[in-house]
Amino acid sequence: MSLHDEVELLRTIPLFANIEPSKLKLLAFTSERLTFRQGQDLCRQGDMGDAAFIIIDGEADVLVENGGKLTSVAKAGKHSVVGEIAILCDVPRTATVRALSDVTVLRISKELFFRLVREFPSMGLAIMRELAARLDRTTSQLTRALGRITE
Amino acid sequence: MEQSIFRYILRYSRKDQILLVILAVASWPAQYASYELPKSIVNDAIQAKKPYPKEATLFKFGLGFEVEQIPWLFVLCALFLGVILANQYFKYINNKFKGITGERMLRRLRFQLYGRVLRFPQATFRNMSQGEIIPMIAVETEALGGFIGDAFAVPVFNGGQLLVTLSFLFVNNWAMGLAAIALYPVQLMVTPRQQRKVNRLGKERVRHVRALSDRIGEVVQGVEEVHVHDTSRYERADFSRRLGLIYGVRLKIYERKFAIKAFNNLIQQLGPLMFYVIGGYFVIKGQMEIGTLLAAVSAQKDLAGPWKEILNNYQIQEDARIKYEQVVSQFDPAGLRDERLLDEEPATIAPLKGEVIANNVSLKDDQDVALVDGLSVKFGLDERVAVVGQSGSGREYLAQLIAHLVDPTAGSISVSGHDVVKAPEAITGRRMSYVGPGGFVFNTSIGDNLYYGLKHRLLGPNPNPVANAEYEATRSETISSGNSLDDYHGVWLDHAAAGAGEAKQLSSVALNVLEQVGLTDDVYNFGLRGTIDPKSHPQTAEAVLKARTAFKARLDGDAATARLVERFDPALFNENATVGENLVFGTPIGDGFNMDRLGENAYVLSVLEKTGLTQRMVQTGHQVAATMVELFADLPPDHEFFQQFSFIKSEDLPEYQAILSRTDKEHLDQLKPEERGRLMSLPFLLVQARHRLGIIDKDFQDAILKARKVFADNLPDDLRQAVDFHDSIKYIAASNLQDNILFGKIAYGEAESAQRVGTLMAEVVQAAGLHDTVVEVGLSFQVGVAGSRLTPAQRQRLILARSLIKRPDLLIVNDGLSAVDPAGQGRILERLLEAFKGRCLLWTMPNAERAGGFDRVLVMKGGKVVAAGRFAELNGSGNGIAQMLA
């Protein structure tokens, strides 16, 4: 896959939808493309994060440690962004992400990520929107869960 | 040291000075003859007032035989030639010997000053910075060398000449003689007085210049603060002020100095005037003959030369005197250590046994504040001792006192019966050691730093006979200058002191010590990036090649690991290497091939031409340049992406933009040659696996492979040494150990490939028995200025290792590991406690947290030891020591 294809792919991701193609090209060019083999961890819960990942191909399992056991809480598939929380707010990784198949990612380093957000406010907005959506999702899940508990 | 420069000169160069005076006097006849002979030639031989043949006379002496005019002319001219030669030869010998004498004395003086710096008490360095010391030894003394050669010869020679001329004058006519020197008293009165002012200003100037260099040194050291606080303008204002001060003083010096000169010249010229006035009056009155007057005028002229020289010399001498006194006075601080302490070499140096006893010890700072206050304590040299005290308790000073880094103001400390103040450093520096916050790493290799504490005395001559003979040849000169007769390149390293029976075993001792301080992994990594010369280390090279094979087998054993490294294969294009590396397919040696600018290399261009690749490379270069310009053009020039990712430096970008805007893809033949070169260099930098520009397709790879073969086959003789071609069974001398084992490129696209390769390589290296060898190679890693290429923690570990390797009976660790993380400190402490069983380890600490493992705990407060004993006894139920400290 060449740079050109990567740019095309990035454009389909909501986070980068509003960024002009030339900047996406720069993003693709300056980020590493890595392959994680099945079973390898993209990141581990508790580690300090120094990069976010955009999954280009393959599927990964998002695992959270619960009483010494790893529980799968979500799946991350093609075109999803993982690991951005840890680099956004400097907290340790909140989950372990493990490759379910061979997973190809673009690895965006923390510096690069922040630089892009600074330089392209639209990207910051997109991230805000994405996080707000997640918060909304989590809140409604929580409300439902609370409702079940009170029942 | 001698307080006056004359005493110093006489003490160390009396014989030379006498010889210089003799040489000066001996040169006088030839000098005189060189003035007089031309006169004889003109008056006697050419003008011939009396008819020839006549008696030959030279300087009014009859020679007792008759000559004809022409032969006489030739004889005199031949004589004149001889005199010229003799005169110049004398001058040459004289100047050379002057230079030698001056330089020897200078060498001696600098050596003595440096020796004194090494004897300075520590307190001196609080008031005197290196910014002051360096120019004193290096620069200020320089001017003295020139003067020392002239110190006696010039005044004696010129004074002699003056006296001789004057006595002739007096004998002929005493009145005229008096007239000739009538104004000397005025000069003798005025000149020194003015000179004293100049001297005072000279001193002031020296002070200002010293302060200036001190300030430069300070700002260089504290440059971080300047940037952090935006004070560069402030600093420049200060510097400008100081330069102004120096200028002002200099100006005053010039005014006075040249006023003195002008005054003396004036007096000089007033001399003839006096003759014309007084002598003329007498001649007209008929009381004196005109001949006498003329003789007096010419005699006065003869006086002028030497008199001027004497006055000149006086000024130079005063200048030198001031400089000398100003330097020497700085090198005589109170508390200068006795020379004996540094030089004494006891017949035997027994291990330290018994006790350390401090008796009523006090230490006061320059403001008379007691840092240690009547402290008395006693502990065994077989005990491990923790000194616990908060800051201000004086714990660090106790450590420094025992190590004899500072002298106690009162009281005494004895270690194994030696009074530390009087014990030679041969004992304190070999049987004891100290690691403090001021530890220093020298700008050399890790190994040299580690072995620094094993080089106390010259143990043997240089084993290389040629180098030794060279040293021996300089020996007598060294003696003449009173310098050190120890050959710096001789054998210094005392491996036996480290417990290594043979020099060869020293490295295994070193490995041991590195392990103790937790530096092994770091040095191992330096070693992997280090190079060896396979010619001098054939076994290592052999072992590395074996490790290369083993590493390959290890990688190939598993599909997951096989992907981590793409090995060099002559038949395949390496996607993780640059196009340039794929073409050259070897390690460049020297500057025959600059991998960043292959497109401008004549031989590479010829290879491209031969393989029909030229056009394609230009096109590709154009494409790469266009992509780079597209990606990076909008970024500010100092953007870090340029450094990290761009093939084109930000400052070169406009140039490429210009090239691109001038020529489009279809008209690349219009490019100028240097533009072509620039464009063609770009594709060589591409790494297929990393850059993913979609330019390096299969077809292109094949073309490069073909070119690779052409490149290797046609390499001209003069470039044959410029490439070490990849060969799986050959050691690559120009590459580091890691690349030699790897023999390929770490894959870009594999997650965590570098770490995984590192782990695998460590396993292979260990299995091949190469680990220690790699660490040894790491010992030759150059640490940079003050160890700047090491982290602070690495520096401190290295400094500790330096103290451990000499196996001291008493080791003092005083805040010497502050940069090491607490866990690391704990591990080191644990290992040292184990290693120092039965020896003395004195460790200072701010609280008792780590004191549990020690045999004895000293609790310090207010400069005194307030409690001493076993940890358990002192600590009682659990916080006894903490209560004592509170």
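Keep in mind the model is a prediction, meaning the values are calculated, not measured. Order of the sequence lines sets the chain letters (A, B, ...), proteins ahead of strands, with each chain counted from 1.
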Enclosure of B:Lys706 NZ (heavy-atom neighbours >12, cutoff 6.0 Å): no

Contact class of A:Leu106 relative to chain B, heavy atoms under 4.5 angstrom: side chain

Residue B:Arg756 excluded, over 12 heavy atoms near CZ under 6.0 Å: yes

Nearest non-hydrogen partners of B:Leu631 and A:Leu26, listed with the distance: CD2-N, 3.3 Å

CG on B:Leu693 to NE2 on A:His4, rounded to 0.5 Å: 13.0 Å

Plane angle bin for B:Phe632 and A:Phe29 - parallel if under 30°, tilted between 30 and 60°, otherwise perpendicular: perpendicular

Test item: B:Arg692 side-chain N/O and A:Glu6 main-chain N/O as donor-acceptor pair under 3.5 Å: no

More than 12 heavy atoms from other groups under 6.0 Å of CZ on B:Arg662: yes

A:Leu42 CG to B:Glu752 CD distance, which is reported to the nearest 0.5 Å: 9.0 Å

B:Gln755, CD: over 12 other non-hydrogen atoms inside 6.0 angstrom: yes

Residue pair B:Glu750 / A:Leu34, side-chain heavy-atom distance below 4.5 Å: no

Residue pair A:Arg33 / B:Arg690, side-chain heavy-atom distance below 4.5 Å: no

